[in-house]
Amino acid sequence: MNAAQPAFLCRAGTRKDLGQVMQVMNTAFNPAFGEAWTRSQVEGMLDIPGSWLTVAVCDNTIVGFSLMRSVLDEAELLLIAVDPGWQGRNIGRTLLFDNISAANLRNIHHLHLEVRETNNAIRVYKSAGFVHCNTRKAYYRGHDGQLFDALSFMMTLKQKSKSA
């Protein structure tokens, strides 16, 4: 890492982090698409067993976060965001790989995510090993009425053999 770039770390998020998480959410998501969640939506998801929040922190400030949920051996990346002032520093990629590792530890076999077709994060998902598996035509609607496809991606995790 370049000495000019402050270090960050990923850790489990808690309800105490939601104020800063919402600040990142509100600055990272383009309001033209209505993709940002409300605080009550995030809190509600944290109440569901199998859901987890991960935050990227630099000097006690949350600069990115992700929200996952799992059911049985499947998991879905619900949200991932990086403060615009911190983008381009591999924080999103680090959060993504942190969640892939966490899913592996939870014996998750398949990871899923959905993204607007014009979202720049698609290249990160593909480079991490996610494969496009479905398209929902005209799923997202911008404030101007323009429609955008939703792209679904999936990753199959390699599980460690249980035999000795």
Side-chain angles (χ1 to χ4, degrees), residues 8 10 13 17-58 61-104 106 108-157:
F8 67 92
C10 291
D17 297 319
L18 288 182
Q20 288 187 61
V21 164
M22 295 311 298
Q23 288 176 342
V24 171
M25 176 110 57
N26 292 329
T27 59
F29 285 99
N30 185 334
F33 300 104
E35 296 164 327
W37 288 23
T38 64
R39 183 181 178 119
S40 63
Q41 287 173 311
V42 175
E43 286 176 330
M45 187 54 61
L46 292 177
D47 289 336
I48 297 173
S51 296
W52 71 91
L53 175 69
T54 305
V55 293
V57 181
C58 180
T61 300
I62 293 174
V63 297
F65 74 91
S66 59
L67 181 63
M68 297 280 294
R69 76 169 165 196
S70 65
V71 176
L72 300 174
D73 65 349
E74 306 263 330
E76 180 179 12
L77 176 63
L78 299 169
L79 293 167
I80 188 166
V82 176
D83 182 288
W86 285 82
Q87 291 176 2
R89 301 180 195 195
N90 287 320
I91 294 169
R93 179 180 301 278
T94 302
L95 283 163
L96 182 63
F97 279 99
D98 188 88
N99 281 300
I100 292 169
S101 295
N104 242 331
R106 293 169 184 242
I108 302 295
H109 295 168
H110 301 283
L111 292 177
H112 303 271
L113 64 88
E114 183 178 275
V115 63
R116 179 180 21 86
E117 67 181 324
T118 56
N119 191 315
N120 291 331
I122 291 170
R123 64 181 164 73
V124 175
Y125 302 139
K126 286 181 175 180
S127 71
F130 282 87
V131 177
H132 176 247
C133 59
N134 191 38
T135 300
R136 292 181 182 173
K137 294 287 186 192
Y139 184 79
Y140 291 104
R141 179 183 303 272
H143 284 286
D144 63 359
Q146 184 176 0
L147 299 174
F148 299 89
D149 293 348
L151 305 179
S152 298
F153 287 85
M154 187 183 87
M155 172 188 278
T156 300
L157 299 177

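The chain is numbered in sequence order, starting from 1. Note that these values count all heavy atoms, side chains included, but never hydrogens, waters or copies made by symmetry.
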Flag the pair [X] / [Y] as yes when at least one side-chain heavy-atom distance between them is below 4.5 Å, and no otherwise.
{"X": "Leu67", "Y": "Met45", "answer": "yes"}
{"X": "Ile62", "Y": "Asp83", "answer": "no"}
{"X": "Val24", "Y": "Trp86", "answer": "no"}

Met25/Val42 under side chain to side chain contact (heavy atoms under 4.5 Å, CB included): CA gap, chis, key distance, verdict: CA-CA 11 Å; Met25 176 110 57; Val42 175; 3.8 Å; yes
Between atom [atom1] of [X] and atom [atom2] of [Y], what is the distance when rounded to the nearest 0.5 Å?
{"X": "Ser70", "Y": "His112", "atom1": "OG", "atom2": "NE2", "answer": "11.5 Å"}
{"X": "Tyr125", "Y": "Leu113", "atom1": "OH", "atom2": "CG", "answer": "5.5 Å"}
{"X": "Leu79", "Y": "Gln41", "atom1": "CG", "atom2": "CD", "answer": "8.5 Å"}
{"X": "His109", "Y": "Asn104", "atom1": "NE2", "atom2": "CG", "answer": "9.0 Å"}
{"X": "Thr54", "Y": "Leu95", "atom1": "OG1", "atom2": "CG", "answer": "6.5 Å"}
{"X": "Leu111", "Y": "Phe130", "atom1": "CG", "atom2": "CZ", "answer": "5.0 Å"}

Over all heavy atoms of both residues, which pair between [X] and [Y] is shortest? Give the atoms and the distance, please.
{"X": "Ile108", "Y": "Leu72", "value": "CD1-O, 3.7 Å"}
{"X": "Gly92", "Y": "Val82", "value": "N-CG2, 3.6 Å"}
{"X": "Ile91", "Y": "Gly64", "value": "CG2-CA, 4.5 Å"}
{"X": "His132", "Y": "Asn134", "value": "NE2-O, 2.9 Å"}
{"X": "Glu117", "Y": "Ile122", "value": "O-CD1, 3.4 Å"}
{"X": "Phe8", "Y": "Thr94", "value": "CZ-OG1, 3.6 Å"}

Given Ser66, which of Leu78, Asn99, Asp98 fulfils the side-chain contact (heavy atoms from CB on, under 4.5 Å) condition?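 Result for side-chain contact (heavy atoms from CB on, under 4.5 Å) with Ser66: Asn99.
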Donor-acceptor contacts, no H, no angles, side chain residues 142-155, under 3.5 Å, sequence neighbours left out:
residue : atom : partner : partner atom : Å
His143  : NE2  : Pro31   : O            : 2.5
Asp144  : OD1  : Gln146  : N            : 2.9
Asp149  : OD1  : Ala138  : N            : 2.9
Asp149  : OD2  : Lys137  : NZ           : 3.2

Among residues at least two apart in sequence or on other chains, which ones pass side-chain contact (heavy atoms from CB on, under 4.5 Å) with Glu35?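 Residues passing side-chain contact (heavy atoms from CB on, under 4.5 Å) with Glu35: Phe29, Phe33, Arg116, Tyr140.
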List for me each residue that meets side-chain contact (heavy atoms from CB on, under 4.5 Å) alongside Ser127, sequence neighbours excluded, and say none if there are none.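 For Ser127, the residues satisfying side-chain contact (heavy atoms from CB on, under 4.5 Å) (neighbours in sequence not counted) are Arg93.
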Check the pair Leu53, Leu18 against side chain to side chain contact (heavy atoms under 4.5 Å, CB included), reporting the backbone distance first and the verdict last. CA-CA 10 Å; Leu53 175 69; Leu18 288 182; 4.2 Å; yes
Sequence neighbours left out, what passes salt bridge (charged side-chain N to carboxylate O under 4.0 Å, His left out) with Glu43? Give chain and number order.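 In terms of salt bridge (charged side-chain N to carboxylate O under 4.0 Å, His left out), with neighbours along the sequence ignored, Glu43 is linked to Arg39.
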By salt bridge (charged side-chain N to carboxylate O under 4.0 Å, His left out) - contacts of Glu114 (at least two apart):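 Salt bridge (charged side-chain N to carboxylate O under 4.0 Å, His left out) check on Glu114 returns Arg136.
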Going by salt bridge (charged side-chain N to carboxylate O under 4.0 Å, His left out), name the pairs with one or both residues in residues 23-33, residues two or more places apart or in two chains.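 Sorted pair list comes back empty.
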